[in-house]
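A short write-up of the structure that comes next.
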Amino acid sequence: MYGRILRKSIKVRRKRIILAVIAVIMGASLISALTGVYLNIEEKVGKELSSYGANIIVKPKGDDISLEIGGVNYSSNQQQNFLKEDELYKIKKIFWKYNILGFSPYLSTVVKVGPENESVVLTGTWFDKEIDIPDEAFKSARVGVKTIAPWWTVDGEWINDEENKPEAILGSAVAKQLENRAGDTVSINYNGKMIELKVVGILHTGGEEENQIFTNLATVQGLTGLQGKVSEIKVSAAITPEDDFAKKDITQMTKEEYIRWYCTPYISSIALQIEEVITDSDALPIEQIASAQGNFIKKIKLMMMLITLVAVAASALGVMTAMTTSILERRKEIGVIKAIGARTNQIIALFMAEVAAIGVIGGIIGYGLGIGLAQVIGNAVFNSTVAINVIVLPVTIIIAIGITMIGSMIPIRNALKIDPVIVLRGE
Amino acid sequence: MEKNNIITTMNLSKCYNGKTLVLDNLNIAIKKGEWANIMGPSGSGKTTLLNILSCLDRPTDGSVIINGTEVTRLSQDEMAAFRRENIGLVFQQYHLIPYLTALENVMLAQHFHSMVDEKEAKDTLELVGLGHRLDHIPAHLSGGEQQRVSIARALINQPAIILADEPTGNLDRANGKIILDLFKKLHKKGHTIVIVTHDPEIGTMGDRLIRLMDGRTVNEKVTAL
Ligand SMILES: Nc1ncnc2c1ncn2[C@@H]1O[C@H](COP(=O)(O)OP(=O)(O)OP(=O)(O)O)[C@@H](O)[C@H]1O
Ligand SMILES: [Mg+2]
């Protein structure tokens with residue numbers, strides 16, 4: 001009987017019900033889309049932000065970073081240490097190899113250039129290079145400054161890593177000072193040793209790199225006689241924000257805790273794994289980026305929660321409007337039901353079943369639309385698809401039922417207040 | 001107070017908004033199995049009285065004892081429960097649920113009372129002569145037929161008392177007669193019946209006639225014994 005009443009009462013008022021369902025769908029689709037994105041946001045934003053720069057810097061062990069200016073070590077300790085170029089590929093073989101989005105080696109030295117013998121930092125690096133990674137399914141990896149500093153722009157040409165030609169890219173400030181343009185050549189004087197480099201491009205970075213000259217790693221190695229050596233490596237890794245657990249002292253951890261820490265892509269655990277594969281190295285998180293990344297994710301999450309809250313409220317308001325109208329139209333019917341002896345909880349049950357039906361239908365359809373919306377958001381914002389977690393479906397349905405209940409509370413209370421004496425008085 | 005009175009009102013008054021006195025100190029007693037008609041000019045308080053006897057409304061003053069229960073002391077839910085068990089209501093406008101069939105309208109009362117019993121609901125519709133209209137919705141029934149469905153709905157839970165407010169008010173003579181014949185049948189079966197009516201012909205039918213005038217009873221007549 002109950003089911004019959006429900007079916008028929010829904011059928012006869014389907015316009016109102018559809019309105020209520022649409023209100024729920026709108027809220028639910030936004031909620032499921034945002035929840036879907038929310039559960040992906042760490043990875044997505046991590047990748048996105050990491051692509052805005054290296055977040056780990058690898059130095060030779062014992063290097064005094066405090067005396068380093070513009071990538072050149074000025075410490076009195078002339079016995080400078082170096083990292084080995086032939087170990088670089090190992091960075092793509094650590095436990096979190098898939099989180100290594102890119103890296104680039106650097107070898108910097110001070111040279112004199114131009115008619116006035118200005119001191120300028122000459123940096124050798126890789127620009128955009130495909131290196132072989134032995135014994136890995138992915139076989140090779142793209143590395144070089146373009147993978148860790150994608151915002152760098154060059155007027156002219158990039159240097160081709162494979163050709164190893166005597167070419168240079170001038171930082172825009174250097175180019176201005178030397179009045180140099182792409183196509184010119186620049187004479188480099190390294191302790192009396194002279195080389196000519198052809199300027200192929202002018203570099204804009206918005207940072208200190210604009211005061212440097214860039215060339216092939218091999219060129220600087222040849223010039224300084226430091227074949228096979230690099231002075232630092234910058235690594236861009238997708239990381240998970242540091243939580244309280246990440247801040248724990250690893251020497252105090254139990255074995256289980258250590259494994260858990262090691263197997264979580266914290267910046268510190270990835271740094272440790274890099275130290276393990278690069279001989280005599282110190283891998284240091286660039287804290288600023290790491291914490292900025294964590295904060296940024298927190299802020300985005302907060303914003304998404306606020307949007308979700310607004311969506312829930314708007315949707316509940318929509319349900320309330322639909323239910324209020326629906327109950328107004330049913331005043332007489334409710335009066336009759338009361339007059340023939342319906343209990344309060346029977347009346348509530350009648351409405352609640354309807355509420356649940358609206359919530360579940362709205363939730364399921366909203367979930368479907370939400371998946372689509374999540375992909376649209378993913379494509380528009382992160383340029384990639386959003387993996388949908390199965391948990392989103394029950395979460396969406398529960399929230400949808402919640403929305404319907406909240407939206408129906410006041411109308412149902414009004415329905416319970418209907419006085420049969422008044423509504424049954426004939427007209 | 002007599003023992004075999006099923007409905008007794010004592011000093012019953014109803015006042016709207018603290019000034020309009022609609023029922024003024026009514027003392028009415030209706031015996032078990034009695035058929036009482038209430039007549040009176042429009043606005044004399046007939047519907048108001050019937051609503052109070054139906055436990056749909058409360059008096060401002062006085063007490064109402066039905067079937068041994070002082071109903072004015074009951075809570076809202078207790079009043080509903082009391083109504084379910086003891087009273088069947090018939091309205092001038094039938095008040096059927098428009099989207100349910102005749103059978104379902106009757107079963108709805110069963111549902112709110114206890115359990116649905118389709119066979120019993122069918123039998124009751126049979127009793128009011130609507131065995132052939134079970135699956136019709138109210139819009140597809142004549143006024144007389146709708147009123148018979150509403151009588152079946154009032155009867156389904158075997159209430160001791162049936163209260164009807166102008167049950168034939170919207171019907172022509174022929175249909176009115178069918179309804180009255182039904183009431184006669186129920187009266188014979190022992191139901192206590194109270195009917196509010198404007199129809200002088202009905203007024204002559206019951207056991208007694210209560211005349212209301214400005215909320216008071218006037219020269220009450222016993223039409224039969
Ligand atoms: N809710 C209310 N508030 C104020 N006055 C009311 C209310 N309900 C009824 N009344 C008044 O009470 C008086 C009695 O009304 P009631 O409906 O009982 O009359 P009645 O005898 O049934 O009349 P009719 O024969 O027209 O049906 C009327 O004057 C009416 O205006
Ligand atoms: Mg009336």
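Order of the sequence lines sets the chain letters (A, B, ...), proteins ahead of strands, with each chain counted from 1.
- No option in E333(A), K11(A), K8(A) other than E333(A) meets the side chain to side chain donor-acceptor pair (under 3.5 Å) test with Y99(B).
- Counting heavy atoms of neighbouring residues, nucleotides and ligands inside a 6.0 Å radius, atom CG of D214(B) does not exceed 12 of them.
- Remark: side-chain polar atoms of R83(B) are paired, donor with acceptor, to backbone N or O of A339(A) under 3.5 angstrom.
- Heavy-atom contacts from other residues, nucleotides or ligands closer than 6.0 Å to CE of M305(A) number more than 12.
- Distance CZ/R84(B) to CD1/I340(A): 10.5 Å, rounded to 0.5 Å.
- Near-neighbour residues of residues 147-166 of chain B relative to chain A, defined by a heavy atom under 4.5 Å from a heavy atom of that chain, comprise R153(B).
- Within a 6.0 Å radius of CZ in R216(B), no more than 12 heavy atoms belonging to other residues, nucleotides or ligands are found.
- Within residues 343-352 of chain A, the residues that have a heavy atom under 4.5 Å from a heavy atom of chain B are R343(A), T344(A), Q346(A), listed by number.
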*Dump the intermediate steps for side chain to side chain contact (heavy atoms under 4.5 Å, CB included) on I97(B) and I337(A), then the final yes or no.*
CA-CA 9 Å; I97(B) 305 296; I337(A) 284 173; 4.3 Å; yes
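- The contact between H113(B) and chain A is made entirely by backbone atoms, counting heavy-atom distances below 4.5 Å.
- Interatomic distance, CD of Q76(B) versus CG of D419(A), reported as 7.5 Å (0.5 Å rounding).
- Counting non-hydrogen atoms of other residues, nucleotides and ligands closer than 6.0 Å to NE2 of H140(B) gives a total of 12 or fewer.
- In this structure, I410(A) places its CD1 atom where only 12 or fewer heavy-atom neighbours from other residues, nucleotides or ligands lie under 6.0 Å away.
- If you measure heavy-atom distances from L108(B) to chain A, the contacts under 4.5 Å come from both the backbone and the side chain.
- The part of N51(B) that comes within reach of chain A is its side chain, from C-beta onward, which places non-hydrogen atoms under 4.5 angstrom from that chain.
- L424(A) places none of its side-chain heavy atoms less than 4.5 Å from the side chain of Q93(B).
- Nearest heavy atom pair, residue A80(B) against residue A342(A), reads CB-O, 4.1 Å.
- Looking at E104(B), both its backbone and its side chain come within 4.5 Å of chain A, counting heavy atoms on both sides.
- With a 4.5 angstrom heavy-atom cutoff, L56(B) touches chain A via backbone and side-chain atoms both.
- Across all non-hydrogen atoms, the minimal contact from I5(A) to L100(B) is CA-CD2, 4.4 Å.
- Counted within 6.0 Å of NZ on K301(A), heavy atoms from surrounding residues, nucleotides or ligands total more than 12; the atom is thus considered enclosed.
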